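Report on the structure given below.
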Amino acid sequence: DEDEERFIPIPMRGSRNGWEQMERFILSLDDIDETVVRLLHNTIQGRGAFARFKEAIYTAGVEERWFEFSNREDTAEVLEWLYSIDLINEEDKKRGMELFEEWQAKRKK
């Protein structure tokens, strides 16, 4: 079928991947109070973790850091996938992350 040759399906991301990303973010918070870190870690345990986490990052005042962290990881993952299916090369992947960092820097101004 022509469409099968023309399009490449985008892999689905499971909830496990999202949970692991939240955990990596929490572990990256080495400059904030340990009580807040424990609170965030507790929010991602069990059912409803995503909703509790979203509420907790606003309560803790780290929502901007979360969005930057998440966007950076998501961008790197997409670039890696594009590289893995030979749609971009290593230099494109590197440039993509550079453009992301430039965009982040402009957002902070």
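None of the values given here were measured: they were computed from a predicted structure.
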Nearest 0.5 Å, please: how far is [atom2] in [Y] from [atom1] in [X]?
X     : Y     : atom1 : atom2 : value
Ser70 : Arg24 : OG    : CZ    : 9.5 Å
His41 : Leu29 : NE2   : CG    : 11.5 Å
Glu77 : Ser84 : CD    : OG    : 10.5 Å
Leu79 : Lys93 : CG    : NZ    : 8.0 Å
Asn17 : Glu73 : CG    : CD    : 8.5 Å
Trp19 : Met22 : CH2   : CE    : 7.5 Å

Run the side-chain contact (heavy atoms from CB on, under 4.5 Å) test on Val37 and Leu40 for me, step by step, so that the C-alpha distance in whole Å, both residues' side-chain angles and the decisive distance to 0.1 Å come before the verdict. CA-CA 5 Å; Val37 172; Leu40 290 170; 5.8 Å; no
Just by distance, no angles: are the side chains of Gln21 and Asp74 close enough, under 3.5 Å, to form a donor-acceptor pair?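 Yes, a side-chain donor-acceptor pair sits under 3.5 Å.
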Would Arg52 and Ile44 count as a side-chain contact (heavy atoms from CB on, under 4.5 Å) here? Give the steps. CA-CA 7 Å; Arg52 283 192 310 275; Ile44 65 170; over 6 Å; no
From CA spacing to verdict: salt bridge (Lys or Arg N to Asp or Glu O under 4.0 Å), Glu90, Arg95: CA-CA 9 Å; Glu90 192 70 42; Arg95 182 67 181 137; over 6 Å; no
Does Trp66 have its ring centroid less than 6.0 Å away from the ring centroid of Phe53?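 Close enough - the centres of the two rings lie under 6.0 Å apart.
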N-O pairing of [X] and [Y] below 4.0 Å:
X      : Y      : answer
Glu20  : Arg16  : yes
Lys108 : Glu68  : yes
Glu101 : Lys106 : no
Asp31  : Arg65  : yes

Does the side chain of [X] reach to within under 4.5 Å of the side chain of [Y], using non-hydrogen atoms?
X     : Y     : result
Glu63 : Lys54 : no
Leu87 : Trp81 : no
Arg38 : Thr35 : yes

Is there a path of hydrophobic side-chain contacts, each under 4.5 Å between heavy atoms of I, L, V, M, F, W or Y residues, that connects [X] with [Y]?
X     : Y      : answer
Leu99 : Trp103 : no
Leu27 : Phe50  : no
Val78 : Ile8   : yes

So does Ile85 have more than 12 non-hydrogen atoms from other groups sitting under 6.0 Å from CD1?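 Check passes, neighbour count above 12.
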Any chance CD of Glu55 has more than 12 other-residue heavy atoms, nucleotides or ligands included, within less than 6.0 Å?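 At most 12 heavy atoms, drawn from other residues, nucleotides or ligands, come within 6.0 Å of this atom.
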Exam field: side chain Asn71 to backbone Phe67, donor-acceptor pair closer than 3.5 Å: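 Indeed, once roles are kept as given, a pair shorter than 3.5 Å links the two residues.
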With no hydrogens and no angle check, is any side-chain donor or acceptor of Asn42 less than 3.5 Å from a backbone partner on Leu39?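 Absent.
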Please report the closest heavy-atom contact between Phe25 and Val62, naming both atoms and the distance.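 Taking every non-hydrogen atom into account, CZ-O, 3.9 Å.
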